[in-house]
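Working notes for the structure below.
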2 protein chains.
Amino acid sequence: MVQKGYGATSISDIAQAVGMTKAGLYHHITGKQDLLFQILIHAMDGVERDVIERVKQIEDPEKRLREIIRLHLRRLFENGLEFALLFPERRHLEPAQQDAVVQRGKNYLGLICVALSELADQGKLRDLDINIAAVHILQIITGVARWCMQDTGISEDHLVEQAINFGLSAVLER
Amino acid sequence: MVQKGYGATSISDIAQAVGMTKAGLYHHITGKQDLLFQILIHAMDGVERDVIERVKQIEDPEKRLREIIRLHLRRLFENGLEFALLFPERRHLEPAQQDAVVQRGKNYLGLICVALSELADQGKLRDLDINIAAVHILQIITGVARWCMQDTGISEDHLVEQAINFGLSAVLER
DNA sequence: AAAAACCTACCGATCGTTCGGAAATCTTGC
DNA sequence: GCAAGATTTCCGAACGATCGGTAGGTTTTT
């Protein structure tokens, strides 16, 4: 589903990928839509556990922002890129499920906004719109995953380092 | 197709949207795949005309980069966001068509790379990987469109200004 | 023997696409 | 100026394929 997209991935495809038939798979899921929903929830739980929970305790907002980018990218590389690539597929869900997904996405965005606000309080931030800057940073994170999944050569460490550098340079004064 | 995605948009949907029947529409197109291809080609022609051709003659690389971001975002707002939102749908094309689309995308990326290189020659660039930075800038442009198509309130001028500021701050020395 | 996991076979619906012909439009000869 | 033919545009109806999903039975595990 990550490779072909929600619409182009049939239940048969998924069943075959896990070594089952359609009907066998349906014993474990309640429907295609709900499967996508569960995947998104699962992916966001992972982000919450591996990123949000770990950076909470970092006092310095600059270090925290660096860690947000680093941990999120590491997660994307190690796990299946689900969050970055499947997030736009939320349009195939029921409105209520869409809201649930969007809500959690906005919570995550809020985490970045808080870090930027604290940087602003310390006078370390450029003159910029914090909400928009937060979107840009999140866009960089997911963009790297989107672009570099077929890309060759470039090492993950280098990508992470460059992304952090780029994002921080964009927002920090001086 | 921009709203629902390639897979979730049927030929009937498109025919109805233009006030025709399926069979009537098929007199003008050769197939669904080819329709997507034509849309992508058309969108990229527009970018080439409205962005690439206009910034060619700007000598100063910093001004040129600013204009690339500004003109591209303006185009996305005025036209239908096709390029930003339909570009990932290229996976539904034949390999040969995919290559054609990707090739033109890379050309565009090259335009940004050249601007960054010239900035580096002038000593105005931070210590960063030019190729990755170019991807980040392009990601910011398309990301703004992706995020803000449902967003309320924020004015287009403000979005453009903030995107330019963010991108330039990220790459410029000092 | 009870329960969970899984399969074969099938359902109705919808998909992209095609075909033969009907309107509508344009071109041409007189 | 206009009828007649040629061409373009569009539609109704249907095609085979595939889709998501289900019913009922069989195998495997507990």
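Chain identifiers are assigned alphabetically (A, B, ...) following the order of the sequence lines, protein sequences preceding nucleic acid strands; residue numbering begins at 1 within each chain. Just so it is clear, the values below take in all heavy atoms, side chains as well, and ignore hydrogens, waters and symmetry mates.
Going from atom CG of B:Leu25 over to atom P of D:dC10 covers 10 Å, rounded to whole Å. One interatomic measurement links the two molecules: CD of A:Gln16 to P of D:dG20, which rounds to 13 Å at whole-angstrom precision. What separates CG of A:Asp13 from C1' of D:dA17 is a distance of 14 Å, to the nearest Å. In this structure, CD1 of B:Ile29 is placed 13 Å from C1' of C:dC15, rounded to the nearest angstrom. The interatomic distance linking B:Asp34 (CG) with C:dG16 (P) rounds to 15 Å, in whole Å. Atom CG of A:Leu36 and atom P of D:dG21 are 12 Å apart (whole Å). One interatomic measurement links the two molecules: NZ of B:Lys22 to P of D:dC15, which rounds to 13 Å at whole-angstrom precision. The separation between A:Glu94 atom CD and D:dG20 atom P is 16 Å, rounded to whole Å.
Out of D:dC11, D:dG20, D:dC10, the shortest distance to the side chain of B:Ala23 is found at D:dC11. Of the candidates D:dC10, C:dC6, D:dA14, C:dC6 carries the atom nearest the A:Met20 side chain, counting heavy atoms from C-beta on. Of the listed nucleotides (C:dG16, D:dT9, C:dC7), C:dG16 has the atom at the smallest distance from the side chain of B:Lys32. Side chain of B:Tyr26, nearest nucleotide from C:dC6, C:dT18, C:dT8: C:dT18.
In summary, of the residues considered (B:His92, B:Gln98, B:Gln97), a side chain to side chain contact (heavy atoms under 4.5 Å, CB included) with B:Glu94 occurs for B:Gln97 alone.
An OP1 or OP2 oxygen of C:dA5 is reached within less than 4.0 angstrom by a side-chain nitrogen or oxygen of A:His27. Within the structure, every side-chain polar atom (N or O) of B:Thr21 is placed at least 4.0 Å from both OP1 and OP2 of D:dC10. Here A:His28 reaches the OP1 or OP2 of C:dC6: one of its side-chain N or O atoms lies under 4.0 Å away.
Under the 6.0 Å distance and 45° angle rule, A:Arg90 counts as a cation-pi partner of A:Phe87. Figure legend: cation-pi geometry between B:Lys32 and B:Phe37 absent, as NZ or CZ is not positioned both under 6.0 Å from the six-membered ring centre and within 45° of its axis.
For A:Glu173 (side chain) and A:Arg126 (main-chain N/O), no donor-acceptor pair under 3.5 Å exists by modelled atom type.
Under the 4.5 Å side-chain heavy-atom criterion for grouping Ile, Leu, Val, Met, Phe, Trp and Tyr, A:Val114 is not connected to A:Ile141 through any hydrophobic cluster.
Residue contacts for A:Thr30: at a heavy-atom cut-off of 4.0 Å it reaches no nucleic acid atom on any strand shown.
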